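What follows is a set of notes on a single structure, which appears directly below.
Note that the coordinates shown come from a computational prediction; the quantities given were computed from them, not determined experimentally. A note on names: the letters A, B, ... follow the listed sequences, proteins ahead of strands, and every chain is numbered from 1.
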Protein chains: 2
Amino acid sequence: MRGMSAELHQIAAKRVGGDRQRYTTMRRQLVDILSDADHPITIPDILRVDPALAQSSVYRNLTVLEQAGVITRVVTNDEWVRFELAEDIGRHHHHHLICECCGTVRDVVVPEALEAALDQSLDRLASTNGFELRQHRLDLVGICADCRDGRSSALVDGG
Amino acid sequence: MRGMSAELHQIAAKRVGGDRQRYTTMRRQLVDILSDADHPITIPDILRVDPALAQSSVYRNLTVLEQAGVITRVVTNDEWVRFELAEDIGRHHHHHLICECCGTVRDVVVPEALEAALDQSLDRLASTNGFELRQHRLDLVGICADCRDGRSSALVDGG
DNA sequence: ATTTATGCAAATCGTTTGCAAACCT
DNA sequence: AGGTTTGCAAACGATTTGCATAAAT
């Protein structure tokens with residue numbers, strides 16, 4: 001997926017710029033890393049990809065990118081926050097397979113019919129509760145194939 | 001909801017005991033607090049209910065209760081973990097309304113038809129991916145009525 | 001008696017922040 | 001030049017842990 005980056009960075013730059021901030025080398029690199037990862041990754045994962053990165057700057061820049069709407073924060077049950085490209089930049093709308101064992105998060109796309117049913121039901125549910133719905137979050141929590149087969153590469157972030 | 005506690009504690013005690021641990025006064029009290037709360041609450045919330053509780057013991061006992069299957073850990077985007085009674089003990093299967101503004105989490109029940117569609121689709125999706133599905137997690141993220149009206153009692157945990 | 005639970009204070013660890021140097025326009 | 005961004009080291013804060021005392025079986 002390293003080809004279509006041009007457009008990606010163009011959009012990212014525009015959004016960051018719109019936030020009155022600069023699309024620096026490091027921010028671009030972070031977007032590249034998230035783009036290559038193709039699934040939500042942790043800060044340690046990112047530092048493993050490029051150990052030269054200053055941890056504090058990674059934190060700061062991920063926050064900047066998040067506020068600019070370029071990336072999204074993904075929360076799971078394990079101890080690290082994860083990040084992925086925003087849905088309207090990276091892949092299509094998707095959900096997550098979260099492994100209780102190794103913590104890995106994979107993307108999945110659910111059938112369109114289900115997504116439609118969800119949208120309809122949740123919209124109604126939200127308005128019934130006076131709730132302004134911004135997004136829905138649907139995760140499948142369980143044990144991934146690798147862990148079940150005992151070959152959980154656990155902490156490693158292959159990709 | 002303070003009436004049906006007898007049975008509740010009976011089940012809780014059995015599960016904790018099955019874990020070769022004791023259903024102490026404090027653990028019982030935590031179950032009571034979660035039962036009264038009727039929505040997922042944070043550790044600070046719990047300490048506010050009874051400031052005499054030792055924070056470290058609350059952490060430890062919530063872990064014990066979680067491992068015994070009495071309570072469930074709820075993760076949101078804010079900085080505190082939340083806890084609620086396990087679904088097969090407390091309320092029925094439900095999902096969450098998470099407010100991006102004040103962090104409050106409320107329970108909602110989605111239409112049975114949607115739940116059925118979810119179950120079916122997700123089961124299939126899981127097996128397609130060699131994933132052993134344990135639970136699904138569906139959250140509505142947005143702005144709650146209180147925050148929209150500007151009367152967000154934010155950090156307070158009214159009830 | 002023996003095992004388990006509690007409270008306190010100290011330690012951990014992911015994350016945030018202060019500040020001086022490096023960068024971009 | 002003037003405002004941003006970066007890296008380093010120190011600070012933060014939610015959570016965990018060590019250890020001596022108290023409670024439960």
Side-chain angles (χ1 to χ4, degrees), chain A residues 9 12-33 40-68 70-83 103 105 155 157, chain B residues 9 12-33 40-68 70-83 103 105 155 157:
Chain A
H9 289 304
K14 179 174 297 182
R15 293 195 185 173
V16 172
D19 248 26
R20 201 159 295 292
Q21 291 190 291
R22 295 170 187 167
Y23 194 54
T24 61
T25 308
M26 186 169 173
R27 290 171 187 172
R28 167 190 302 265
Q29 186 184 355
L30 287 172
V31 168
D32 274 332
I33 292 174
I41 59 176
T42 66
I43 278 104
D45 287 337
I46 292 173
L47 294 174
R48 223 167 280 131
V49 172
D50 184 351
L53 292 170
Q55 193 185 45
S56 63
S57 299
V58 170
Y59 275 98
R60 266 193 283 236
N61 285 323
L62 288 173
T63 301
V64 168
L65 292 172
E66 187 193 7
Q67 286 177 344
V70 176
I71 67 176
T72 304
R73 180 180 300 256
V74 177
V75 172
T76 67
N77 275 334
D78 72 9
E79 46 217 312
W80 296 281
V81 172
R82 287 163 188 273
F83 293 89
V105 180
L155 297 174
D157 183 55
Chain B
H9 289 304
K14 180 174 297 181
R15 293 195 186 174
V16 172
D19 247 29
R20 201 159 295 292
Q21 290 189 292
R22 295 168 186 169
Y23 194 54
T24 62
T25 309
M26 186 171 173
R27 289 171 188 174
R28 168 192 301 266
Q29 186 185 354
L30 287 172
V31 168
D32 274 332
I33 292 175
I41 59 176
T42 65
I43 277 102
D45 287 337
I46 292 173
L47 294 173
R48 222 167 280 130
V49 172
D50 184 351
L53 292 170
Q55 194 186 47
S56 63
S57 299
V58 170
Y59 275 99
R60 267 194 282 235
N61 285 323
L62 289 173
T63 301
V64 168
L65 292 171
E66 188 194 8
Q67 286 177 343
V70 176
I71 67 176
T72 304
R73 180 179 300 255
V74 177
V75 172
T76 67
N77 275 335
D78 72 7
E79 46 218 311
W80 294 282
V81 172
R82 287 163 188 273
F83 293 89
V105 180
L155 297 174
D157 183 55

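Note: CZ (B:R82) to P (D:dT15) measures 11 Å, nearest angstrom. Residue A:L47 contributes atom CG, which lies 13 Å from atom C1' of D:dG7 at whole-angstrom precision. C:dA9 atom C1' lies 16 Å from atom OH of B:Y59, rounded to whole Å. Rounded to whole Å, atom P of C:dG14 lies 19 Å from atom CG of B:N77. Distance, A:R28 CZ to C:dC23 P: 17 Å, rounded to whole Å. The CZ-P distance, from A:F83 to C:dT15, rounds to 8 Å in whole Å. Rounding to whole angstrom units, CD of residue A:Q55 and P of D:dA11 are separated by 17 Å. Going from atom CE of A:M26 over to atom P of C:dA22 covers 17 Å, rounded to whole Å.
Axis orientation changes by 30° from one end of the helix from C:dA1-D:dT25 to C:dT25-D:dA1 to the other, with each end axis drawn from 5 pairs and the value rounded to 10°.
In terms of modelled atom types and a separation under 3.5 Å, the side chain of B:R82 and the main chain of B:P40 share a donor-acceptor contact. Looking at A:R27, its side chain does come within 3.5 Å of a backbone N or O of A:R22 through a donor-acceptor pair. Remark: the backbone N or O of B:Y59 is paired with a side-chain donor or acceptor of B:T63 at under 3.5 angstrom. The backbone N or O of B:T42 sits less than 3.5 Å from a side-chain atom of B:D45, completing a donor-acceptor pair.
Across all strands shown, B:V64 has no heavy atoms under 4.0 Å from either base or sugar-phosphate atoms.
For C:dC23, the base has no donor-acceptor partner in the side chain of A:T24 [N/O atoms by modelled type, under 3.5 angstrom]. If you check distances only, the side chain of A:R60 never reaches the base of D:dT6 with a donor-acceptor pair under 3.5 Å.
Taking the side chain as every heavy atom from C-beta outward, B:L65 and B:V31 approach each other to under 4.5 Å.
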